[in-house]
Amino acid sequence: MMRDHWVNWRLVWRRQRQRHHTRRRLRDLDARLLDDVGISAARAEREARKPFWRR
């Protein structure tokens, strides 16, 4: 039982950490790369400002 809780906590932590890193990298993309992935600069900025715990 305790092990399951630990595993779940680690998965949540990894997901939040990945979200944080992805948003930081998104903020660093230039206009050409943002255009390639179909995201406006304003949308990228909004996404980058979100806290890691929000989807």
Side-chain angles (χ1 to χ4, degrees):
M1 181 73 163
M2 185 67 160
R3 180 182 168 149
D4 291 339
H5 179 70
W6 175 250
V7 170
N8 288 338
W9 183 85
R10 282 184 47 197
L11 291 173
V12 169
W13 182 79
R14 277 186 179 169
R15 195 175 309 129
Q16 289 179 343
R17 185 173 155 224
Q18 181 65 36
R19 194 177 293 144
H20 171 74
H21 288 290
T22 301
R23 287 179 176 161
R24 290 186 79 194
R25 293 179 83 189
L26 181 63
R27 180 178 37 199
D28 296 335
L29 295 178
D30 65 14
R32 180 183 55 84
L33 291 173
L34 288 172
D35 189 46
D36 283 348
V37 295
I39 298 175
S40 69
R43 170 104 189 257
E45 184 62 31
R46 276 194 313 270
E47 192 66 31
R49 288 179 183 223
K50 281 185 185 180
F52 64 86
W53 61 85
R54 293 188 64 205
R55 290 185 179 194

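Here the structure is a predicted model, which means the values were calculated and not measured.
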Exceeds 12 heavy-atom contacts within 6.0 angstrom, atom CZ of Arg24: no

Acceptor/donor pairs from residues 7-19 side chains to any protein atom, 3.5 angstrom cut, sequence neighbours excluded:
unit_1, atom_1, unit_2, atom_2, d
Asn8, ND2, Asp4, O, 3.3
Gln18, NE2, Thr22, OG1, 3.2
Arg19, NH1, Phe52, O, 3.1

Please tabulate, for side-chain N and O atoms in residues 32-39, each donor-acceptor pair with protein atoms closer than 3.5 Å (sequence neighbours left out).
none

Pairs involving residues 42-55, ordered by first then second residue, that meet salt bridge (Lys or Arg N to Asp or Glu O under 4.0 Å) (sequence neighbours left out): Arg23-Glu47, Glu45-Arg49, Glu47-Lys50

